[in-house]
Colleague: 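Have a look at this one before I ask anything.
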Amino acid sequence: MTQRFSFEVEARDGRARKGVISTPRGEIRTPAFMPVGTAATVKAMMPESVCATGADILLGNTYHLMLRPTAERIAGLGGLHKFMNWDRPILTDSGGFQVMSLASLRKLTEEGVRFASHIDGSKHMLSPERSMEIQKLLGSDIVMCFDECPALPATDAEVAKSMALSMRWAQRSRDAFGDRPGHALFGIQQGGVTKDLRAESAEALRAIEFDGYAVGGLAVGEGQEAMFGVLDYAPDMLPEDKPRYLMGVGKPDDIVGAVERGIDMMDCVLPSRSGRTGQGWTRHGQVNMRNARHKDDPRPLDEACGCPACRNYSRAYLHHVIKADEIIGSMLLTWHNLHYYQDLMAGLRDAISTGALAGFVADFHAKRAGGDI
Ligand SMILES: Cc1ccc(CCc2c3nc[nH]c3cc3c(=O)[nH]c(N)nc23)cc1
């Protein structure tokens, strides 16, 4: 086990890379999908179950944890890993994105963001310095810069102004992070869907130097075509030898397209959130387990899946417990969806290793019947 943070690219296939991130708490196989554990839990999952799906790393959230139970309380109890019984790597977001999407009474200044908690209306402030302090208190292995992600629609001028602020905050995040061997700080590229602004942001981040680089400002409603349009050039603007993290993505076909375009890490609430609403994601497409057509179906959700839901239960059972709003319904579908996402990542990693990515992608699309199956 290393005491340092490092990234090694082991194979390439076109722009896609297969590699490994080494951290003191374990290795992260890339391309990696990172389950979201916003409030110190991947909802409906025990940590050992998350590990069993194949996840090497999970995500926590500065915004949620600073409000409840507070970063100071988690630090006093030994840090987030101990608190949530997950001893592998954790990446935490810096909080700015969640403030803009969840908090009320927000006041944005050069200093940072003042806001009222969506939980109890209490007043709080986030800045690059406070975000770094919170993420240090949590003990996360990969820390994200404090940035601003502009809401769409936004004019070029608004995107440029926001990106410039995020780059000043990136420098302040770097300065406040200090020197923490074994811990990583990732910069976040902004610039909307404007190539010149994306280039300007990449240059600013390179000059500050980070352990990894995120493509931010996407998966905010721009649609897959516009997102892929940015990914056709933006990842290559970032240092080739560092991990590239596309934030908030996505559906299985978004993930495949992002990996083809050089992305190494992704996160999304989709597999867990949709699992709780009865949506199953499979290699043949999406299945709505609330649909009455499953009432008498003895088959598993996905014949080719090895997860506990597909090994031990019928669609009829999943339909029943989902309709009855039984807790096990959320557990089984979340487990299946996260297992499927990790299976997809393992398939992508293997395909890149053997130079067979084009065939894998063609097979991925061919298997997906249109609509519900
Ligand atoms: C626990 C957790 C939840 C969510 C996230 C990612 C949240 C997220 C985005 N989600 C969709 N698009 C996104 C863009 C940005 C962005 O530009 N900057 C930041 N800091 N986060 C983003 C990270 C961690």
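Indexing begins at 1, ligand by ligand and atom by atom, following the structure's order. Any value given below was found using the heavy atoms of this structure, including those in side chains, with hydrogens, waters and symmetry copies removed.
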Colleague: Establish, yes or no, whether a centroid distance under 6.0 Å links the rings of F115 and Y63.
Modeller: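 So the answer is yes for these two rings.
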
Colleague: With the criterion set at N/O pairs under 3.5 Å, what does the list of contacts between the protein and ligand 1 look like, atom names and distances included?
Modeller:
unit_1: ligand 1; atom_1: 12 (N); unit_2: L218; atom_2: O; d: 2.7
unit_1: ligand 1; atom_1: 17 (O); unit_2: Q190; atom_2: NE2; d: 3.0
unit_1: ligand 1; atom_1: 17 (O); unit_2: G217; atom_2: N; d: 2.8
unit_1: ligand 1; atom_1: 18 (N); unit_2: D147; atom_2: OD2; d: 2.7
unit_1: ligand 1; atom_1: 20 (N); unit_2: D93; atom_2: OD1; d: 2.8
unit_1: ligand 1; atom_1: 20 (N); unit_2: D93; atom_2: OD2; d: 3.3
unit_1: ligand 1; atom_1: 20 (N); unit_2: D147; atom_2: OD1; d: 2.9
unit_1: ligand 1; atom_1: 21 (N); unit_2: D93; atom_2: OD2; d: 2.9

Colleague: If the condition is side-chain contact (heavy atoms from CB on, under 4.5 Å), which residues does V321 pass it with, not counting sequence neighbours?
Modeller: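 For V321, the residues satisfying side-chain contact (heavy atoms from CB on, under 4.5 Å) (neighbours in sequence not counted) are Y317, E326, I328.
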
Colleague: Using the benzene-type ring in the case of Trp, are the ring centres of F360 and H365 under 6.0 Å apart?
Modeller: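 No, the ring centres sit 6.0 Å or more apart.
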
Colleague: For the atom pair CD (Q189) and CE (M237), what is the distance rounded to the nearest 0.5 Å?
Modeller: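 Here the interatomic distance stands at 6.5 Å.
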
Colleague: Is atom CZ of R180 surrounded by more than 12 heavy atoms (other residues, nucleotides or ligands) closer than 6.0 Å?
Modeller: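 Yes - once you tally the heavy atoms of other residues, nucleotides and ligands closer than 6.0 Å, there are more than 12.
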
Colleague: Taking the six-membered ring of F146, is the NZ or CZ of R172 close enough (under 6.0 Å from the centre) and on axis enough (within 45°)?
Modeller: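 R172 over F146 ring: no.
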
